[in-house]
Amino acid sequence: MTTLKLNLQSILPLEAEAINPDRFLEKTDTQIAHLPVVFGKDPGELGDFFTVVNDESPDIRIEGDAANVKNIGAGMTRGRIRIEGNAGMHLGAGMRGGEIEVMGDAGDWAGAELAGGLMRIHGNAGIGLGAGYRGSRRGMTRGRIIVDGNAGDEVGNLMRRGLIAIGGDSGELTGSFMIAGTVIVFGQLGPRPGPGMKRGTLVTFHAVELLPTYRYDCRYQPGFLRLALQSLRSQGVSIRDEYFTGSYQRYSGDFAALGKGEILVYDQH
Amino acid sequence: MTLYINNVEIEDTYAEAFKMWGARVIITAKNRKWAYEAATRMTGFATSVIGCKCEAGIEGEVEDTPDGRPGVSVLLFTPSKDDMPKRLMERIGQTIMTCPTTACFNGLTAPDKLSIGGQLRYFGDGYQISKMIDGRRFWRIPVMEGEFLIEDKFGMQRSVGGGNFLILGENPDVTLDACERAVEAMKQVRGAILPFPGGIVRSGSKTRSQYKFMIASTNDAYCPTLRGVVDTALPEGVNCVLEIVIDGLDVNAVEEVTRVGILAACIPGIRRISAGNYGGSLGQFKIDLCRVLGEEATA
């Protein structure tokens with residue numbers, strides 16, 4: 001595993017798309033240290049901000065508070081990145097494979113337009129988790145994002161496929177304009193969930209006020225949810241047993257759009 | 001050299017088995033009762049490809065099912081690759097989808113994949129929903145009870161059908177008892193099923209007939225009532241013959257099931273264990289009884 005020790009203490013962001021297992025492949029310490037980054041408005045090299053200890057493995061470990069380091073793992077297709085502290089904006093944006101684990105918090109747009117792989121954030125995530133960028137037609141298209149803490153607004157905006165699980169609360173407009181896929185929020189689902197949702201599934205375990213363009217269907221036990229929860233549990237997500245066997249209220253919507261989406265609300269009675 | 005197990009003669013012969021195609025379907029339900037209900041219906045009227053187009057049986061219970069509910073595994077075999085999707089569609093559509101609380105999953109990792117859920121989804125009339133979980137696609141088909149969940153693709157692999165052995169006993173009671181003991185032991189082996197009622201066949205067949213419109217007819221050489229009429233294969237003292245037919249996902253499974261079955265069937269009152277074959281001219285596999293039993297049999 002290649003270790004990057006962060007030596008940066010500045011409020012300026014460091015744009016470090018170079019921190020990517022694909023780009024570390026078959027490179028020496030020196031070659032990795034010469035990979036390009038942008039600090040504020042100035043170009044620089046990775047070695048200017050990190051001490052690189054390379055054992056010729058493409059897997060990466062980042063030590064230090066990287067809350068101002070943007071684009072870590074963006075577009076990666078393989079390997080593993082473990083961030084011991086926080087991570088900055090656009091973490092793993094557009095990644096297509098591999099795994100990112102953040103022990104602290106992640107900034108805004110983590111996993112934006114993610115197309116494969118696994119992102120695990122043990123702390124909180126900012127806005128636009130797994131979302132599509134402004135002007136894009138698609139958010140996340142494959143893969144999985146698991147956040148142990150809370151997430152900001154517009155989780156899964158324009159999401160096309162994949163699974164997002166949030167251990168804590170989500171912000172406003174969760175699942176806005178979703179095309180398909182699944183978002184499971186174990187804490188409180190934020191206000192106005194699923195506006196403009198075409199297809200896809202939002203799952204919540206607490207009462208939530210829905211938009212008037214959602215219609216009540218029934219109370220039932222969705223079989224697929226058992227599979228999804230089982231899969232999350234196998235990845236270490238703590239899930240209460242009653243969520244597997246309990247019933248859910250199903251609401252269809254958003255009828256302001258195609259109306260083939262659904263919000264499943266765990267029925268505590 | 002003649003071999004014996006518990007003084008039962010093991011005839012120096014072989015079962016002639018055939019290439020087939022096999023699939024494994026995992027059925028889960030609210031409880032064991034409904035999982036077995038669906039599995040029993042799915043494997044009904046699937047004893048022989050001659051009359052049923054496929055052969056199927058319950059392989060056993062599944063501990064670790066995809067949705068964590070009680071589950072039963074079913075194996076289904078067809079003579080050709082093209083038959084498999086038709087038979088799976090018919091049987092899953094009519095017996096599992098219709099059965100309350102069930103869900104249906106692929107249980108076989110194989111390079112050949114068949115779109116079964118992907119076809120049955122059309123029953124949803126446009127309201128079906130697809131979900132990808134851990135790289136596997138599932139279909140949620142709305143039904144009056146709620147939803148029927150089925151996996152998109154099912155694996156299919158080259159398999160072996162028509163493994164068999166014959167139990168030749170002194171009377172019907174002891175022969176049936178030996179068969180029941182054999183079937184009980186054989187059920188413990190995974191990867192194979194016994195497609196006939198209770199795992200046992202009483203009307204074994206030969207591949208010819210004096211009637212032109214028949215492709216198979218009674219195996220007269222083993223019919224006790226015809227001992228004095230035809231060129232019989234029955235030794236003295238034998239008054240009943242029952243057969244156990246085996247289909248397996250591979251030849252090893254068929255051989256292992258044959259081995260444990262014969263060992264369990266060798267009880268007092270059984271005179272001989274034999275096997276059905278066509279002189280080796282039809283089947284691709286020869287399951288030699290003495291070789292399969294190895295050192296378990298004595299000279």
Side-chain angles (χ1 to χ4, degrees), chain A residues 97 115-118 140-144 146 159-165 178-184 197-203 217-235 239 241-250 252 258-264, chain B residues 25-32 34-35 38 62-71 92 96-107 117-118 120-153:
Chain A
L118 170 67
M140 178 173 169
T141 54
R142 277 183 192 276
R144 180 172 292 195
I146 302 171
M159 181 175 178
R160 174 68 182 83
R161 206 179 284 114
L163 174 65
I164 299 177
M178 262 177 90
I179 303 160
T182 307
V183 177
I184 303 175
M197 188 179 187
K198 289 183 178 173
R199 293 187 180 84
T201 306
L202 291 179
V203 185
D217 296 317
C218 68
R219 177 180 183 271
Y220 84 127
Q221 294 180 324
F224 87 95
L225 190 58
R226 231 177 262 125
L227 263 68
L229 294 177
Q230 190 109 316
S231 170
L232 286 171
R233 185 180 262 182
S234 72
Q235 288 186 306
I239 300 171
D241 286 343
E242 54 264 40
Y243 292 167
F244 288 84
T245 54
S247 294
Y248 292 77
Q249 308 274 359
R250 185 182 196 270
S252 288
L258 186 63
K260 288 192 171 181
E262 63 182 349
I263 298 180
L264 301 173
Chain B
V25 176
I26 308 292
I27 304 164
T28 67
K30 178 184 177 181
N31 51 37
R32 288 177 73 246
W34 285 107
V62 183
E63 293 291 322
D64 190 18
T65 58
D67 62 5
R69 299 191 301 166
I92 292 174
I96 302 180
M97 186 164 73
T98 55
C99 181
T101 79
T102 59
C104 186
F105 305 98
N106 171 38
L120 275 176
R121 71 180 158 126
Y122 294 111
F123 183 74
D125 200 23
Y127 299 103
Q128 66 273 20
I129 298 172
S130 154
K131 283 289 169 196
M132 286 281 282
I133 299 170
D134 290 335
R136 294 161 72 178
R137 184 183 295 281
F138 300 89
W139 288 99
R140 299 165 56 193
I141 301 173
V143 290
M144 295 191 298
E145 179 208 42
E147 275 177 355
F148 172 55
L149 183 70
I150 180 168
E151 191 156 355
D152 184 54
K153 295 223 163 22

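Computed from a prediction, not measured in an experiment: that's the story for all the values here.
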Please classify the contact between [X] and chain B as side chain, backbone, both or neither, with a heavy-atom cut-off of under 4.5 Å.
X	answer
A/Leu227	both
A/Thr201	both
A/Phe224	both

**Message:** Please classify the contact of B/Thr101 with chain A as side chain, backbone, both or neither, using a heavy-atom distance under 4.5 Å.
**Reply:** neither
**Request:** Sort B/Arg69 into side chain, backbone, both or neither according to what part of it lies under 4.5 angstrom from a heavy atom of chain A.
**Result:** side chain
**Request:** Scan A/Ile146, A/Thr182, A/Val183 and name whichever one has a side-chain contact (heavy atoms from CB on, under 4.5 Å) with A/Ile164.
**Result:** A/Val183
**Message:** If I compare all heavy atoms of A/Ile179 with all of A/Lys198, which pair ends up nearest, and what's the gap?
**Reply:** CA-CB, 4.3 Å
**Asked** Are the charged groups of B/Glu151 and B/Lys131 less than 4.0 angstrom apart, N to O?
**Response** no
**Asked** Looking just at side-chain N and O atoms, do A/Gln221 and A/Tyr248 make a donor-acceptor pair shorter than 3.5 Å?
**Response** no
**Asked** Is a side-chain donor-acceptor pair under 3.5 Å present for A/Ser231 with A/Arg144?
**Response** yes
